[in-house]
Each structure stands twice: as structure tokens, then as C-alpha cells.
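Taking it in order: structure first as C-alpha cells, then the write-up.
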Amino acid sequence: IRGRFFVQRFLRQAVTAGCRYAVVEMTSEGAKQFRHRFIDLAALIFTNLAPEHIEAHGSYEKYLAAKLSIGRELARSRKKAPTLIVNGDDRVATRFLALPVSRAVIYRQRDASPYIASETGTNFTWRGKRIRTRLPGLFNLMNVLAAIVAADHFGVGRTTIRRAIEEIRSIRGRMERIDARDINDKLPDFSIIVDYAHTPDSLREVYQTFPDRPRIAVLGGTGGGRDKWKRPVMGTIASEHCRLIILTDEDPYNESAEAIVKDIVRGIKRTPYQIIMDRRLAIRTALAEAKSGEVVFVTGKGTDPFIMGARGTRIPWDDATVVREELRSF
């Protein structure tokens, strides 16, 4: 059972099990396949929009239209006062706010002011309360704000909201931090970040979270057969922020992994790079190159459990697990 039938079956099972709330990620690709239809949404959170899946949709405007179609499904919802929660700082926020919904709530970065961000998290203020999130990066602050506003909308107490945010230590595959000496005390004092970042905007945000640290990138092509335009762009971003780039295999599907890497190389300016197609060896090489105080970024897969190859082949994989294995081997 796939597509919207899978979602409907899952939601039915959740109701039968006594679940009162369900949080469902709805993608543009899912909307293109009508997976969002006939789901009565109580609320929809719009976090941000960056160019992605352009080749699959045909244009950025069609990609945006697919996202807006999810908002129109909210407008058709039979729920009482379906609510649109919108990041007012995003450049297309007005397109979502123009949807004919009964209620819209806007959140902005300034709602967290004053805040102090560091590589270990952010201290911020919300409704006069001081809150600390251990999820680093201003993009994570915006995600936290979205969650807070949604929880507040559904009547979750503010003390509960604060406690829940402060109890979250990390999220697997999302700015997941591994300190080398925690695994092997013989190594220099450097850190590794494993993150799903697979778009230019997300990659830049991840690197900028550590503004004062030298960086090494383990970078792949974020999926064969799609969004070829972004490969040299991501190469450029890596070269702007990192002292060394290790280019490697990621999820080539039916495309040549070597051709994907060559597309990335076109965007690299001046920064030294190596091409190591074996992803484990690429990670090991980056770790061996790291010096005390540096950060190694392993991006593109997060918690993806496989490297996807040609004709549906797949290799079991987990970036964070491989990082820990390699650290122990030194």
C-alpha cells in the first residue's frame, strides 16, 4: 500500500491506538502524487522554501505551486478553524498568507529576541521566558519557534513547552555532533557534524553554525538523476567555507557517481579537494586530516539507511555509525 492510501491507513491505525495528534511531513513530491488529498488538516506549518526538485516539477514556480496545494487542502479541511502557521521571514511567506484559510499565525526570528547563538545551542526569549535549545544554528532556532507556536496554538502549556525544548539534546542525523576524543582519546580534539543538508541553503546554514572553526567537508551529490543545477553551487559553498573538500559517492541511483562528482568540482574555487568514491574511505581520510579545533562535516545523508545505486540496488549505511567506527580504528 503506497501513497495516500498508506497515509490514510497509518492515520486510521493511529486513531484506533488512541493517538490524538499526528505530525505529518508533506513534501512537494507527495503533493504532486496527491498524497495530501482528503486529509483534514488542523494546522499546516510553513517553515521555508528553497529551490529543490526543480527538474522533477519543471520549474521553481511549479515547485512552489505544489507546496501551495498543500495549503489549499488546509483551506478545505473540515476541522474547526484550520490554522496556517507561517515563517514570516521567508521570501514567499506572502504567497502562503494569501491562501483562503480561516486563521493564520506568523512567527519571525525577532520573536526569539534577544538570543545568543553558539555552536552548542541557542539561548532565546519567547513571550518573556528564557529558553535554551541545544540544537545549534539559527535555522534550528526557527524550527524550534515553529514547534513552539504550533504547540501553543493547540493548548500545550508554556512550562511544558519550555521543558520539552530544553530536554532535547540532539536529533540523529540533524547537526548530530560527535567529538573525536569522546570516542578515541588518542586523537586531536576535533568534532564531526553529521547532517542531512542536501540543498545549497541548508549546506550554507550548517557551515555557518561554526563560523570561527576551520572546516573539512565530506561532500556528495545528494542524489543522482535530479537537481543537477545545484551540484556546482554546493561545490562553491563548500569551497567558500572549508579548507579541504573530500568528494565522494552518495546516492547515485542510475547516474554515474563519477559524473556527479565532476559536476560538483565545476563549482569549487581554489580550495584543495580530493575525490574518494568509497564513502567510508572518504570519511576516514577526512578524520585523518583533521587537526585540533577543526570540524569535519559529513553531509547529505543524515540518517538515510542505504546508499542507493543503479537498478534499485542499495547498500546498508549510516554516516554517524561509520564515523564512530573509523574513529575507534585510529
Side-chain angles (χ1 to χ4, degrees), residues 47-55 60 89-91 109 117-120 122 135-143 173-178 188 190-224 226-251 257-277 279 282-283 285-302 319 323:
T47 55
N48 57 72
L49 195 72
E52 191 179 4
H53 306 305
I54 303 304
E55 292 168 4
Y60 174 78
D89 293 335
D90 191 83
R91 57 182 174 268
Q109 186 171 302
S118 74
E119 64 182 54
T120 59
T122 302
L135 305 178
L138 291 179
F139 65 96
N140 266 324
L141 174 61
M142 294 302 291
N143 289 337
R174 299 297 193 273
M175 295 297 288
E176 182 177 356
R177 179 170 178 159
I178 303 167
F190 64 91
S191 300
I192 305 94
I193 297 294
V194 175
D195 192 83
Y196 183 55
H198 64 288
T199 65
D201 283 2
S202 62
L203 190 67
R204 184 180 291 107
E205 291 276 6
V206 165
Y207 291 152
Q208 288 177 345
T209 303
F210 294 79
D212 302 319
R213 304 273 293 274
R215 311 170 191 91
I216 297 174
V218 176
L219 185 65
T222 67
R226 68 193 73 176
D227 285 341
K228 295 180 181 181
W229 65 269
K230 71 181 179 183
R231 295 171 187 168
V233 178
M234 295 181 78
T236 298
I237 292 168
S239 66
E240 289 171 348
H241 291 87
C242 302
R243 74 164 180 87
L244 173 65
I245 303 169
I246 311 290
L247 298 171
T248 191
D249 193 12
E250 204 156 277
D251 291 304
E258 290 78 9
I260 293 171
V261 165
K262 287 179 180 177
D263 284 342
I264 303 172
V265 168
R266 290 193 292 112
I268 296 176
K269 312 296 183 186
R270 295 181 297 279
T271 303
Y273 68 88
Q274 300 178 36
I275 297 175
I276 304 175
M277 297 309 297
R279 192 171 179 91
I283 290 172
T285 302
L287 299 178
E289 289 280 351
K291 300 177 177 62
S292 185
E294 294 192 322
V295 183
V296 176
F297 292 89
V298 183
T299 58
K301 294 195 65 62
D319 272 345
V323 166

Closest non-hydrogen atom pair between G137 and T122, with its separation: O-OG1, 4.4 Å
Just distance, no hydrogens or angles: give the donor-acceptor pairs under 3.5 Å from side chains in residues 265-277, sequence neighbours left out.
| unit_1 | atom_1 | unit_2 | atom_2 | d |
| --- | --- | --- | --- | --- |
| T271 | OG1 | S239 | O | 2.8 |

task: Over all heavy atoms of both residues, which pair between G235 and I245 is shortest? Give the atoms and the distance, please.
output: O-CD1, 4.3 Å
query: Is there side-chain contact between L219 and L203, with heavy atoms separated by less than 4.5 Å?
result: yes
Donor-acceptor pair, side chain of E176 and main chain of G173, under 3.5 angstrom: yes
field: Expected output: side-chain D249 to main-chain G220 donor-acceptor under 3.5 Å
entry: no
- request: Taking the side chain as every heavy atom from C-beta outward, state whether K291 and P188 have any pair of such atoms under 4.5 Å apart.
  value: no
message: Taking the side chain as everything from C-beta on, heavy atoms only, tell me whether K301 gets closer than 4.5 Å to D251.
response: yes
field: Flag side-chain contact, heavy atom, 4.5 Å: C242 against Y207
entry: yes
message: Please report the interatomic distance CG(L247) to CD1(I260), rounded to the nearest 0.5 Å.
response: 11.5 Å
task: Indicate the atoms forming the closest heavy-atom contact of P200 with I237, along with that distance.
output: O-CD1, 3.4 Å
query: Roughly how far apart are L135 CG and N143 CG, rounded to 0.5 Å?
result: 8.5 Å
task: Give the minimum heavy-atom separation between D90 and L49, together with the two atoms involved.
output: OD1-N, 3.2 Å
- request: Grab the two heavy atoms, one from V218 and one from A282, that are nearest each other, plus how far apart they are.
  value: CG2-O, 4.2 Å
message: Could you tell me if the side chain of Q208 sits less than 4.5 Å from the side chain of L138, heavy atoms only?
response: no
query: Taking all non-hydrogen atoms of both residues, which atom of A50 and which atom of D201 are closest, and how far apart?
result: CB-OD2, 3.3 Å
- request: Starting at CZ of R213, measure out to NE2 of H241 and round the result to the nearest 0.5 Å.
  value: 15.5 Å
Residue list, ring-ring contact (aromatic ring centres under 6.0 Å, His included) with Y196, at least two apart or on another chain: H198
message: Using side-chain heavy atoms (C-beta onward) and a distance below 4.5 Å, is D227 in contact with W229?
response: yes
- line: Sequence neighbours excluded, the answer for side chain to side chain contact (heavy atoms under 4.5 Å, CB included) partners of P136 is N140, M175, T209
message: If the condition is ring-ring contact (aromatic ring centres under 6.0 Å, His included), which residues does F210 pass it with, not counting sequence neighbours?
response: F297
query: Within the distance-only criterion (no hydrogens, no angle test), does the side chain of R279 pair as donor or acceptor with the backbone N or O of E250 below 3.5 angstrom?
result: no
message: If I take atom CG from residue D89 and atom CE from residue M142, how far apart are they, to the nearest 0.5 angstrom?
response: 4.5 Å
- request: From the options R177, E119, E294, select the one residue that forms a side chain to side chain donor-acceptor pair (under 3.5 Å) with S191.
  value: R177
query: Tell me, do F190 and L287 make a side-chain contact under 4.5 Å, heavy atoms counted?
result: yes
- prompt: Between the main-chain N or O of K228 and the side-chain N or O of D263, is there a donor-acceptor pair closer than 3.5 Å?
  reply: no
task: Only counting residues at least two apart or in another chain, list the ones meeting salt bridge (Lys or Arg N to Asp or Glu O under 4.0 Å) with R215.
output: none
field: Residue list, salt bridge (Lys or Arg N to Asp or Glu O under 4.0 Å) with D195, at least two apart or on another chain
entry: none
query: So, do M234 and I264 sit near enough that their side-chain heavy atoms are less than 4.5 Å apart?
result: no
